[in-house]
Asker: 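For reference, the structure I am asking about is given below.
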Number of protein chains: 2
Amino acid sequence: MSTADLTEQEYLASYNIHAFDVPLTSVDLVIFTVREQALHVLLVQRGAHPAKGQWALPGGFIDVRRDVDLDATALRKLREKTGVSAPYLEQLQGFGSSTRDPRGWSATFAYFALIGSDQIELQHGAGADAACWHSISEHGADIDLAFDHAMIVATAVQRLRNKVEYTSLPAHLLAEEFTLSDLQRVYEIVLGRPIDKSAFRKRVKEGDFLEEITGKQRHGSNRPAQLYRIRSGQPTVFFSRTMGA
Amino acid sequence: MSTADLTEQEYLASYNIHAFDVPLTSVDLVIFTVREQALHVLLVQRGAHPAKGQWALPGGFIDVRRDVDLDATALRKLREKTGVSAPYLEQLQGFGSSTRDPRGWSATFAYFALIGSDQIELQHGAGADAACWHSISEHGADIDLAFDHAMIVATAVQRLRNKVEYTSLPAHLLAEEFTLSDLQRVYEIVLGRPIDKSAFRKRVKEGDFLEEITGKQRHGSNRPAQLYRIRSGQPTVFFSRTMGA
DNA sequence: TCAATAGTGTCTCTGAGACACTATATT
DNA sequence: AATATAGTGTCTCAGAGACACTATTGA
């Protein structure tokens, strides 16, 4: 009996994925934060084959029993590595080829996440691999990574820098409460160039993705600064034009 | 002997992908063209289970023996359906969940392609499924598609409309030789609103992604128009600002 | 009073959009 | 000449950037 004569029910009953050569499919994360005046990516040292001992992006296989979709896999991996559960997370791009993994044809859904500089406590123990924050220089990560992860990081950095030009994304790289000067500093760190204060504030105000924490200010040995937080239910704002010189 | 004690060689020799529950992984294409003053997507009618008889996006499984990477799979599928081999092709986004395919956990790398209105001869015969161009209305494709393909099309349309605002992409939707008025018409069709001629031409000239075909003009019962082609080796130009009202 | 940072006001210049104009073919 | 489309010139207005100014705290 040929497949063409089956009902959908019968077809599904006879279907067996293991009869085919399928690619390995995983999810990898590029997790960014800002610390010590620089952009950093989270790397883990592989504790198992292949590429044992090399630095790599956190990630792993889709758990077809527990993960309802790709985002769920990414969120699970993120939680396992950082303990953070609701940061900014967006799918970056797929990477797949016959050569990127020695085990065979493999494809990965790369995600990129932004987490606040106050949430960078890494998870240790419980069989977790060694993890560290690695700083991004001018030209991306300058370290040998396992598989094609160096290319994935480069793509993510490019995407982040590009999006910073015209979105409110960098706000997710800060602690929950921050001043406008804090925010401007993050933009400058990610972009790698200074921004005019006046123009910056005009744009931020116009974007309207922040809310004043009324009555709360940060004090130092100078004029106190108003504290802000990201307006809830306000995902990413697109500015009308590119972030100033 | 535990995995931890193996060399990488030994580990790879013992590795068997079929020992794991892996998701189905495919590549699907959203192929756009412009014809009859409207944006169209290529759909195929499924000739096999699952979703037999329903309209769906062209696509299929990665051939781990023939395809070197994801782009190769996408190009192969594109060639099989349209006969076109070197158009504009870009990865759109991954879609994966336990419910999108009745066969089980499945993930797809969606691509989107733009092909010229002179190259829309569809491939028939050779076991090809029925195929048709389906027009995109104001709000996307308004037709029931198999799996989650309606969502994929909606995402692709959104991405296309968005990119049209600030890139030279629509030039790939035209025949090889075209006039500036042709190009403007395509922008207007994709965006769904009129554009000022003068502003449009200023931007296109500034973008510098076209070259005049010297001495070649299109004639009608009016002033003849200069013909242009896409400057070779000029992929996508990003305009400084958003495409005018 | 000074140092240091927060926050605002103003000017200029560029570039997008609106719109009217000129140009050149066919009929 | 009329018509139809190609292609250009000019004016206005908004917004970004530059930069200088004022404000407010602690030391």
Asker: Please confirm whether the ring centroid of B:F95 lies under 6.0 Å from the ring centroid of B:F147.
Answerer: no
Asker: Atom pairs under 3.5 Å, N or O on each side, protein against nucleotides 9-13 of chain D: can you list them with distances?
Answerer:
unit_1	atom_1	unit_2	atom_2	d
D:dG9	O6	B:S198	OG	2.6

Asker: How many Å lie between NZ on A:K216 and C1' on D:dT25, as a whole number?
Answerer: 19 Å
Asker: Does C:dA23 have its OP1 or OP2 closer than 4.0 Å to a side-chain nitrogen or oxygen of B:R223?
Answerer: no
Asker: How are the rings of A:Y187 and A:F200 set relative to one another: parallel (under 30°), tilted (30 to 60°) or perpendicular (over 60°)?
Answerer: perpendicular
Asker: With a 4.0 Å cut-off on heavy atoms, is A:Q226 in touch with a base, just the backbone sugar-phosphate, or nothing at all?
Answerer: sugar-phosphate
Asker: Do the side-chain N or O atoms of A:S181 get closer than 4.0 angstrom to the phosphate oxygens (OP1, OP2) of C:dA6?
Answerer: yes
Asker: Using the closest heavy atom to pick a nucleotide of DNA chain D for each, name whichever of A:N222 or B:Y228 lands nearer the 5' end.
Answerer: B:Y228
Asker: Answer yes when A:R218 and A:E177 have at least one side-chain N-carboxylate O distance shorter than 4.0 Å, and no when they do not.
Answerer: no
Asker: Whole Å only: how far is the OH atom of B:Y166 from the P atom of C:dG15?
Answerer: 21 Å
Asker: Taking A:H149 for the side chain and A:A56 for the main chain, is one N or O donor matched with an acceptor at less than 3.5 Å?
Answerer: no
Asker: In whole angstroms, how far is the C1' atom of D:dA4 from the CZ atom of B:R185?
Answerer: 13 Å
Asker: Whether B:K205 contacts D:dG7 is assessed here as follows: a side-chain N or O lying under 4.0 Å from the phosphate OP1 or OP2. Is that the case?
Answerer: no
Asker: Write down the distance between CD (B:Q217) and C1' (C:dA23), rounded to a whole number of angstrom.
Answerer: 12 Å
Asker: Starting at atom CZ of B:R218, determine the distance to atom P of C:dA25, rounded to an integer number of angstrom.
Answerer: 16 Å
Asker: Pick the nucleotide of DNA chain C nearest each of A:L180 and A:S221; which residue has the one closer to the 5' end?
Answerer: A:S221
Asker: Using whole Å, what does the distance between atom P of nucleotide D:dA16 and atom CZ of A:F200 come to?
Answerer: 13 Å
